[in-house]
Visitor: 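Can you read through this structure? Questions will come right after.
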Amino acid sequence: QVQLVESGGGLVQAGGSLRLSCAASGRFFSNNILAWFRQAPGKEREFAAAIGWSSGNTKYADSVKDRFTISRDNTNNTVYLQMSSLRPEDTAVYYCAAKRGIYWSTVSNGYDYWGQGTPVTVSS
C-alpha cells in the first residue's frame with residue numbers, strides 16, 4: 001500500500017507560479033511512475049505530468065508543457081509540480097497518483113494509488 005499526501009495548492013493570479021508537493025509513504029518501490037492529474041469543475045480528470053521514480057524521465061500533457069515542471073526528491077520520497085505562467089484554465093483540484101511498473105500511462109485508471117487532492121485557483 002502506498003499513501004500520497006499533496007500540499008501547496010492555493011489562490012494565485014494569472015501569470016503567477018505555485019509549487020505543489022506530494023509526499024509518498026508505505027510500500028513504495030523504485031519501479032514506480034508518479035504523476036499529477038487535475039480535475040476542473042464539471043470536467044473529467046486529466047493527465048498533467050509524470051516522472052519515473054528511478055529514471056527521472058518525464059512526460060507532459062501538451063497543455064502544460066513548457067510551463068510546468070515535475071521533479072522528485074528520492075531522499076524524501078517527494079514529487080513536486082512547479083507551475084509557472086499560470087492561466088485561469090489551470091484552475092482545478094490537482095491529484096498525485098502512483099502506478100506500479102515502468103510503463104507510462106496518461107489515463108487515470110492506469111494508476112493504483114491516489115492522494116486526496118489539493119485545489120488550485122488561478123484568478124484573471
Side-chain angles (χ1 to χ4, degrees):
Q1 193 73 7
V2 175
Q3 292 80 42
L4 303 171
V5 179
E6 304 98 332
S7 61
L11 174 64
V12 63
Q13 288 189 329
S17 300
L18 208 59
R19 189 177 81 158
L20 307 182
S21 300
C22 171
S25 60
R27 288 179 60 84
F28 191 73
F29 299 104
S30 61
N31 61 337
N32 284 350
I33 300 288
L34 275 292
W36 288 95
F37 283 75
R38 64 186 185 181
Q39 188 165 18
K43 295 189 176 181
E44 292 188 354
R45 193 169 297 189
E46 66 173 9
F47 170 80
I51 188 166
W53 188 255
S54 293
S55 68
N57 292 333
T58 58
K59 187 176 183 66
Y60 295 93
D62 288 342
S63 58
V64 307
K65 196 175 294 183
D66 299 326
R67 298 188 300 121
F68 291 9
T69 301
I70 189 170
S71 62
R72 91 280 194 227
D73 181 341
N74 300 70
T75 302
N76 294 313
N77 280 358
T78 301
V79 176
Y80 302 99
L81 186 68
Q82 178 66 48
M83 305 185 294
S84 304
S85 300
L86 283 162
R87 306 165 180 167
E89 53 264 39
D90 293 318
T91 294
V93 176
Y94 283 72
Y95 296 91
C96 181
K99 66 177 295 292
R100 297 180 293 267
I102 62 173
Y103 298 104
W104 297 112
S105 176
T106 60
V107 294
S108 58
N109 61 11
Y111 286 78
D112 305 296
Y113 306 101
W114 291 86
Q116 81 288 352
T118 185
V120 171
T121 302
V122 183
S123 63
S124 57

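Note that the structure is a prediction, hence the values are computed from the model and not measured. Values reported hereafter were calculated over all heavy atoms of this structure, with side chains retained and with hydrogens, waters and symmetry mates removed.
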Visitor: Is the shortest heavy-atom distance from the side chain of Arg72 to the side chain of Leu34 under 4.5 Å?
Guide: no

Visitor: State which residue, out of Val5, Asn76, Asp73, Thr78, fulfils the side chain to side chain contact (heavy atoms under 4.5 Å, CB included) condition with Ser21.
Guide: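 Among the candidates, only Thr78 passes.
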
Visitor: How long is the straight-line distance from OG of Ser63 back to CD of Glu46, given to the nearest 0.5 Å?
Guide: 5.0 Å

Visitor: Working to the nearest 0.5 Å, report the span between CZ of Arg38 and OH of Tyr94.
Guide: 4.0 Å

Visitor: Between Asp90 and Arg87, is the closest basic N to carboxylate O distance under 4.0 Å?
Guide: no

Visitor: Side-chain heavy atoms nearer than 4.5 Å, only ILVMFWY residues, links allowed to pass through others: does that put Ile51 and Met83 together?
Guide: yes

Visitor: Between Asn32 and Arg100, is any pair of side-chain heavy atoms under 4.5 Å apart?
Guide: yes

Visitor: Scan the side chains in residues 114-124 for donor-acceptor partners under 3.5 Å anywhere in the protein, sequence neighbours excluded, and list what turns up.
Guide:
| from | atom 1 | to | atom 2 | distance (Å) |
| --- | --- | --- | --- | --- |
| Gln116 | NE2 | Glu6 | O | 3.3 |
| Gln116 | NE2 | Glu6 | OE1 | 3.4 |
| Thr118 | OG1 | Gly9 | N | 3.1 |

Visitor: More than 12 foreign heavy atoms under 6.0 Å from CG of Asn74: is that the case here?
Guide: yes

Visitor: Side chains of Trp36 and Phe68: does their closest heavy-atom pair fall under 4.5 Å?
Guide: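 Contact flag for Trp36/Phe68 side chains = no.
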
Visitor: Counting only N and O atoms by type, is there a donor-acceptor contact under 3.5 Å from the side chain of Tyr60 to the main-chain atoms of Ile70?
Guide: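 Yes, because the side chain of Tyr60 sits within donor-acceptor range (under 3.5 Å) of the backbone of Ile70.
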
Visitor: Specify the closest pair of heavy atoms between Ala48 and Val64, including all atoms of both residues, with the distance to one decimal.
Guide: O-CG2, 3.3 Å

Visitor: Tell me the closest heavy-atom pair linking Ser108 and Arg45, and the distance in Å.
Guide: CB-CD, 4.4 Å

Visitor: Can you give me the closest heavy-atom contact between Gly16 and Val12, atom names plus distance?
Guide: CA-CG2, 4.0 Å

Visitor: Kindly give the heavy-atom pair with the smallest separation between Gly52 and Trp104, and that separation in Å.
Guide: N-CH2, 3.8 Å

Visitor: Quick test of your reading: applying side-chain hydrogen bond (donor to acceptor under 3.5 Å, both in side chains), list the pairs with at least one residue in residues 8-19, sequence neighbours left out, ordered by first then second residue.
Guide: none

Visitor: Compare every heavy atom of Tyr111 with every heavy atom of Ala98, then report the nearest pair and how far apart it is.
Guide: C-CD2, 3.6 Å

Visitor: State plainly whether one hydrophobic cluster holds both Trp53 and Phe47, where clusters connect Ile, Leu, Val, Met, Phe, Trp and Tyr through side-chain heavy atoms under 4.5 angstrom apart.
Guide: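 As far as the 4.5 Å side-chain criterion goes, Phe47 and Trp53 are not connected within one cluster.
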
Visitor: Would a 4.5 Å heavy-atom cut-off, applied to side chains only, mark Leu4 and Val79 as touching?
Guide: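 No. Closest side-chain heavy atoms not under 4.5 Å.
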
Visitor: Quick check for you: to the nearest 0.5 Å, what is the distance between Tyr103 atom OH and Ile33 atom CD1?
Guide: 10.5 Å

Visitor: Rounded to the nearest 0.5 Å, what's the gap from OG1 on Thr91 to NZ on Lys43? Could you check?
Guide: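 Spacing of OG1 (Thr91) from NZ (Lys43) equals 10.5 Å.
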
